[in-house]
There are 2 protein chains.
Amino acid sequence: MAPTRTETDLSFLLDHTGHVLRTRMAAALAEIGLTARMHCVLVHALEEERTQIQLAELGDMDKTTMVVTVDALEEAGLAERRPSGTDRRARIIAVTEKGAEVARRSQEIVDGVHRAALETLPEDEREVLVRALNRLVTGHLATPVEAPQPVRRARQRKK
Amino acid sequence: MAPTRTETDLSFLLDHTGHVLRTRMAAALAEIGLTARMHCVLVHALEEERTQIQLAELGDMDKTTMVVTVDALEEAGLAERRPSGTDRRARIIAVTEKGAEVARRSQEIVDGVHRAALETLPEDEREVLVRALNRLVTGHLATPVEAPQPVRRARQRKK
DNA sequence: TATTGTTATACTCTATAACTATA
DNA sequence: TATAGTTATAGAGTATAACAATA
């Protein structure tokens with residue numbers, strides 16, 4: 001849904017490039033059975049011992065989305081839920097050996113997809129593009145405007 | 001759901017900037033009762049006589065999404081469906097006077113949101129950013145990888 | 001009382017399929 | 001037969017509420 005371009009249509013440029021890159025990434029990761037989210041969780045879980053909530057915050061997802069993602073990782077034998085030693089409510093996401101191997105490969109895939117895109121640009125443009133996007137991400141486009149949250153009917157009580 | 005940044009995380013940069021810009025745009029257009037899609041249709045319908053299908057293609061939306069969008073425009077008194085003179089199946093989307101006025105304002109809003117973002121960049125970076133994104137949009141990131149379409153059960157027949 | 005993780009489910013969005021009327 | 005527009009609805013994705021166990 002490309003808006004119009006009377007002037008520079010930054011919306012269209014960011015939406016389109018972002019969307020196409022996302023489809024490329026999804027297709028590339030799908031070849032080893034991963035989604036972008038699974039990759040994200042795997043990598044962060046490898047860095048240090050982290051609970052589901054911590055991983056959810058790092059990946060900017062809801063805790064319920066996290067449940068589904070960890071379910072998928074467990075089913076694929078890439079990670080396991082382990083009780084935390086300090087908080088019996090919490091679960092540490094432990095990456096299996098197979099998971100660590102997959103994470104190494106998926107990181108290569110991610111880097112490769114990014115490199116393939118950036119390599120099509122002249123080197124000077126490439127550098128400035130990344131610098132400008134970083135400036136926007138940390139500056140004017142750092143935080144979303146929060147949408148008015150829709151009212152939600154109460155869930156049916158369990159009988 | 002930010003992936004990881006071992007190298008330059010182009011996915012994160014494009015997703016995040018695009019997402020935040022979209023929320024800004026939605027909030028700004030909402031003040032005059034428009035969605036981005038309504039704005040898009042309005043502007044293209046103003047340029048020349050166009051049918052719903054033509055407008056749908058220009059805005060990269062499905063024809064069924066177009067129906068909903070035109071419904072909203074009609075209800076707001078910004079556009080009307082008129083029979084085509086040459087094809088009795090087709091409807092021309094005619095922008096009302098009020099619609100033309102709103103489109104002028106919404107285009108100002110859109111340009112303003114874009115300008116506000118770009119103005120936070122040094123002028124040289126700004127130019128190169130736009131040039132680089134345009135290069136990606138017309139080159140390596142021109143067309144999405146099509147996802148394997150999910151199989152869809154047949155709809156219940158009308159009795 | 002608050003928080004972690006879970007389940008169930010409400011909502012939004014979008015697109016497919018079937019349908020009607022034309023071509 | 002194919003196409004423009006419409007309606008109904010399937011399905012994906014996601015987030016909210018309630019819940020159980022624990023802090």
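A note on names: the letters A, B, ... follow the listed sequences, proteins ahead of strands, and every chain is numbered from 1.
Place B:Met66 and A:Asp62 on DNA chain D by their nearest nucleotides, and B:Met66 ends up nearer the 5' end. Between A:Thr64 and B:Thr64, the residue anchored nearer the 5' end of DNA chain C, judged by the nucleotide with its closest heavy atom, is A:Thr64.
Residue-level contact check: A:Ser84 touches neither bases nor backbone, having no heavy atom under 4.0 Å from any strand.
When the side-chain nitrogen and oxygen atoms of A:Gln54 are compared with OP1 and OP2 of C:dT4, none of them lie within a distance under 4.0 Å. Between D:dA4 and B:Arg91, no contact under 4.0 Å exists linking OP1 or OP2 to a side-chain N or O. An OP1 or OP2 oxygen of C:dT6 is reached within less than 4.0 angstrom by a side-chain nitrogen or oxygen of A:Arg81.
Rounding to whole angstrom units, CG of residue B:Asp60 and P of C:dA15 are separated by 8 Å. In this structure, the CD1 atom of A:Ile53 is 14 Å from the C1' atom of D:dA23, given to the nearest Å. Straight-line distance from the CD atom of A:Gln52 to the C1' atom of C:dT7: 13 Å, rounded to whole Å. Taking atom CD1 on A:Ile93 and atom P on C:dT4, their separation rounds to 14 Å, with Å as the unit. Spacing between atom NE2 of A:His19 and atom P of C:dT14 amounts to 12 Å, rounded to whole angstrom units. The CZ atom of A:Arg88 sits 15 Å away from the C1' atom of C:dT3 (whole-angstrom rounding). Rounded to an integer number of Å, the gap from A:Asp71 CG to C:dG5 P is 13 Å.
For A:Asp87, the side-chain atoms get nearest to D:dT22 when compared with the rest of C:dA17, D:dA15, D:dT22. Listed candidates were D:dG5, C:dT4, C:dT14. Nearest to the side chain of A:Lys63 is C:dT4. Distance from the side chain of B:Arg89 is smallest for C:dT22 among the nucleotides C:dT22, C:dT14, D:dT7.
Counting all heavy atoms, side chain and backbone alike, A:Asp15 lies closest to B:Gly18 at OD1-O, 4.2 Å. Scanning all heavy atoms of the two residues, the minimum distance from B:Ala27 to A:Val145 falls at CB-CG1, 4.0 Å.
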Exercise. Given side-chain hydrogen bond (donor to acceptor under 3.5 Å, both in side chains), test A:Ser11 with B:His114 step by step and report yes or no.
Key: CA-CA 7 Å; A:Ser11 296; B:His114 289 157; 2.6 Å; yes
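Taking the charged nitrogens against the carboxylate oxygens, A:Asp71 and A:Arg81 do have a contact shorter than 4.0 Å, which makes a salt bridge. Taking 4.0 Å as the cut-off between side-chain N and carboxylate O, A:Arg104 and A:Glu101 count as a salt-bridged pair.
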